[in-house]
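Shown next, in structure tokens, is the structure this report addresses.
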Amino acid sequence: MIHSLFLINPSGDIFLEKHWKSVVSRSVCDYFFEAQERASEAENVPPIIPTPHHYLLSVYRHAIFFVAVIQTEVPPLFVIEFLHRVVDTFQDYFGSCSEAVIKENVVVVYEVLEEMLDNGFPLATESNILKELIKPPTILRSVVNTITGSSNVGDQLPTGQLSVVPWRRTGVKYTNNEAYFDVIEEIDAIIDKSGCTVAAEIQGVIDACVKLSGMPDLTLSFMNPRLLDDVSFHPCVRFKRWESERILSFIPPDGNFRLLSYHVSAQNLVAIPVYVKHGISFREGSSSGRFEVTLGPKQSMGKTVEGVTVTGQMPKGVLNMTLTPSQGTYVFDPVTKLLSWEVGKINPQKLPSLKGTMVLQAGCSKPDENPTLNLNFKIQQLAISGLKVNRLDMYGEKYKPFKGIKYMTKAGKFQVRT
């Protein structure tokens, strides 16, 4: 299984390594560095790199490459899912997952990694079980540990580890019993020059924060469960019940967890919530060009589109841009040729626009193609796929919990060709 893990920053420094079986030399990462040099962007480094004696599997998150080294054939998604789980665990423990934070909490990081894998095989990957084994760092705990010489390791084995529901500890008690569910959808789309959709799909997740006493048994049903495609569940979900009735039945872990992730890939089901009108032109033999972009809401079900930003990589021949935004602020970097426009909210009564001229290099030929615009936005209280939770019921406990559902749609890789 997994022999070693290397954490590499964007400048190519290995700032942390962990070995579970034999010690693998750092020189194995040279193959990774070669692939990194060939890739134009960090996200384009191949996730699987074969070498003469090993395979390198990596994920790139929070400006860090998490590179796992394996020696035998294993299902690659198994390793990649484990690496994502490592990142999520660090984020849960330390509040963020950056190079500085990992270096600051290096002892806890090693202790957590030691518990997550046993002889290279995943053992404890549930956050709440890990927190019983290794206490999360606090200022008070680190002061006490420094004075007394004790560590963050728990005194006893978590009760959940020995039960049939290893993701939930026994004897949980809360004064306020509450269960919150966030339905978050990310829309990936490519829109062509004429405004038609070339490709569109929705990646969705349901994140839960459950703080319920005892051993509750929950059922969650949807108005339209047939929308969901390619569903991936938390181990607590009873799959047979989902297959037969399309109802989620589960004993939840204590605290925060991802209940399920899903995919909506049917083109006709993906509504595009914003449109872009653009007029970007370069005249042959002229040292100037025109730039005009207008944004507007479309199929946003009356909800406000907010947090809008537009970025575009301009052609190399563009020296400068003089633009006037009707809303928000723009920045053009003449070195990297990157245009960034912070729009904010879209008001349907007064659509935001960015208009002006571009200064081109003298004697330079007309650019071969127009720039591609990347959009970022979010819409509160809307699941763009139309997914709706019907009801949430609880069995096995007598109290009445407080229940809340929240929806959000945001842009993933949303590109507009001009």
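All of these numbers come straight from a predicted model, not from anything done at the bench.
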Is any side-chain heavy atom of Met394 closer than 4.5 Å to a side-chain heavy atom of Leu212?
yes
What distance separates Leu133 CG from Glu126 CD, expressed to the nearest 0.5 Å?
12.0 Å
Could you check whether Lys406 pairs with Asp207 (Lys NZ or Arg NE/NH1/NH2 to Asp/Glu carboxylate O, under 4.0 Å)?
no
From CA spacing to verdict: side chain to side chain contact (heavy atoms under 4.5 Å, CB included), Leu228, Leu387:
CA-CA 8 Å; Leu228 303 183; Leu387 183 73; 3.9 Å; yes
Value for NZ (Lys277) from CG (Leu351), rounded to nearest 0.5 Å, stands at 7.5 Å
Measure the shortest side-chain to side-chain distance between Leu259 and Leu220 over non-hydrogen atoms and say whether it is less than 4.5 angstrom.
yes
Between His234 (side chain) and Cys236 (backbone), is there a donor-acceptor pair under 3.5 Å?
yes
Has the side chain of Tyr407 got a donor or acceptor atom that lies under 3.5 Å from a matching backbone atom of Glu185?
no
Looking only at heavy atoms, which two atoms of Phe32 and Ser58 are closest? And how far apart?
CE1-OG, 3.7 Å
Do Tyr55 and Glu73 get their side chains close enough for a donor-acceptor pair, meaning under 3.5 Å?
yes
Check Ile129 against Ala124 and note the closest heavy-atom contact, atom names and distance.
CG2-CB, 4.3 Å
Donor-acceptor check, side chain of Asp118 to backbone of Phe121, threshold 3.5 angstrom: yes or no?
no
Roughly how far apart are Asn374 CG and Leu339 CG, rounded to 0.5 Å?
11.0 Å
Is it the case that the ring center of Phe377 lies less than 6.0 angstrom away from the ring center of Phe414?
yes
Would you say the side chain of Phe65 lies within less than 4.5 Å of the side chain of Leu7, judging by non-hydrogen atoms?
no
Please evaluate residues Val359 and Ser288 with respect to the criterion side chain to side chain contact (heavy atoms under 4.5 Å, CB included), reporting the C-alpha separation (whole Å), side-chain torsions for both, the decisive distance (0.1 Å), and the verdict.
CA-CA 5 Å; Val359 179; Ser288 69; over 6 Å; no
Under 6.0 Å between the ring centres of Phe6 and His19?
yes
Do side-chain atoms of Thr409 reach the backbone of Ile379 as a donor and acceptor pair under 3.5 angstrom?
no
Would you mind writing out the side-chain donor-acceptor pairs for residues 292-318 within the sub-3.5 Å range, not counting sequence neighbours?
| unit_1 | atom_1 | unit_2 | atom_2 | d |
| --- | --- | --- | --- | --- |
| Gln299 | OE1 | Ile272 | N | 3.1 |
| Ser300 | OG | Lys303 | O | 3.4 |
| Gln313 | NE2 | Thr336 | O | 2.5 |

Begin with the C-alpha distance, continue with both residues' side-chain angles, and end with the deciding distance and a verdict on side chain to side chain contact (heavy atoms under 4.5 Å, CB included) for Tyr399 and Tyr174.
CA-CA 11 Å; Tyr399 56 82; Tyr174 287 104; over 6 Å; no
With a cut-off of 6.0 Å (strictly less than), are more than 12 heavy atoms of other residues, nucleotides or ligands near CZ of Phe94?
yes
Would you say Phe33 has more than 12 foreign heavy atoms packed within less than 6.0 Å of its CZ?
yes
Look up atom CE in Met358 and atom CE in Met321, then write down how far apart they are to the nearest 0.5 Å.
5.5 Å
Crowding at CZ, Arg246 (>12 non-hydrogen neighbours, <6.0 Å)
yes
No-hydrogen, no-angle side-chain donor-acceptor test under 3.5 Å, Asn105 and Tyr110:
no
Quick check: are there more than 12 heavy atoms from other residues, nucleotides or ligands sitting under 6.0 Å from NZ of Lys337?
yes
Hey, is the main chain of Gln327 close enough, under 3.5 Å, to the side chain of Trp341 for a donor-acceptor pair?
yes
For the backbone of Ser213 and the side chain of Asn177, can you confirm whether one donor and one acceptor N or O come within less than 3.5 Å of each other?
yes
Do Phe82 and Val59 come close enough that some side-chain heavy atom pair is under 4.5 Å?
no
What do the steps show when you test Phe332 against Leu338 for side chain to side chain contact (heavy atoms under 4.5 Å, CB included), and what is the final call?
CA-CA 6 Å; Phe332 175 70; Leu338 188 71; over 6 Å; no
Looking only at the side chains, is there a donor atom on one of Gln36 and Glu34 sitting less than 3.5 Å from an acceptor on the other?
no
How long is the span from the NE2 atom in His278 to the CG atom in Leu354, to the nearest 0.5 Å?
14.0 Å
If you look at every heavy atom in Glu201 and Val270, which pair is closest and at what distance?
CA-CG2, 4.1 Å
For Glu243, is the CD atom crowded, meaning more than 12 foreign heavy atoms sit under 6.0 Å from it?
yes
Tell me whether Glu178 contacts the main-chain N or O of Lys403 through its side chain, where contact means a donor paired with an acceptor under 3.5 Å.
no
Kindly write out the residues that satisfy side chain to side chain donor-acceptor pair (under 3.5 Å) with Lys103, not counting sequence neighbours, or none if the list is empty.
Glu99
Would Ser249 and Arg238 count as a side chain to side chain donor-acceptor pair (under 3.5 Å) here? Give the steps.
CA-CA 6 Å; Ser249 170; Arg238 297 180 182 102; 2.6 Å; yes
Spatial distance of atom CD1 (Ile14) from atom CG (Asn9) [nearest 0.5 Å]
9.5 Å
For Lys410, does the NZ atom have more than 12 heavy-atom neighbours from other residues, nucleotides or ligands under 6.0 Å away?
no
Which of these passes side chain to side chain contact (heavy atoms under 4.5 Å, CB included) with Val69: Ile2, Val79, Leu56?
Leu56
Treating Trp20 as the side-chain partner and Leu5 as the backbone partner, does any N or O pair qualify as donor plus acceptor under 3.5 Å?
no
Could you pull out the closest heavy-atom pair between Met215 and Glu397, with the gap in Å?
N-OE2, 2.8 Å
Only one of Arg85, Glu115, Glu81 forms a side chain to side chain donor-acceptor pair (under 3.5 Å) with Thr125, so which one is it?
Arg85
So, does Arg168 use its side chain to make a donor-acceptor pair with the main chain of Gly214 at under 3.5 Å?
yes
Do Val74 and Met1 have side chains that get closer than 4.5 Å, going by heavy atoms?
yes
Check this for me, if you would: do Asp182 and Arg258 make a salt bridge, where the nitrogen-to-carboxylate-oxygen distance has to be below 4.0 angstrom?
no
For Val237 and Phe250, work out which heavy atoms get closest and say how close.
CA-CB, 4.0 Å
Sidechain N-carboxylate O distance under 4.0 Å for Lys131, Asp92:
yes
Taking NZ, NE, NH1 and NH2 as the nitrogens, is one of them in Lys18 or Glu114 under 4.0 Å from a carboxylate oxygen of the other?
yes
Measure across Val87 and Cys97 and return the closest heavy-atom pair with its distance rounded to 0.1 Å.
CG1-SG, 4.1 Å
Hey, does Val416 have a side-chain heavy atom less than 4.5 Å from the side chain of Thr372?
no
Spell out, as yes or no, whether a donor-acceptor pair under 3.5 Å connects the side chain of Asp13 to the backbone of Phe15.
no
Heavy-atom side-chain proximity of Val109 to Tyr93 below 4.5 angstrom:
no
Is there side-chain contact between Ser127 and Phe257, with heavy atoms separated by less than 4.5 Å?
no
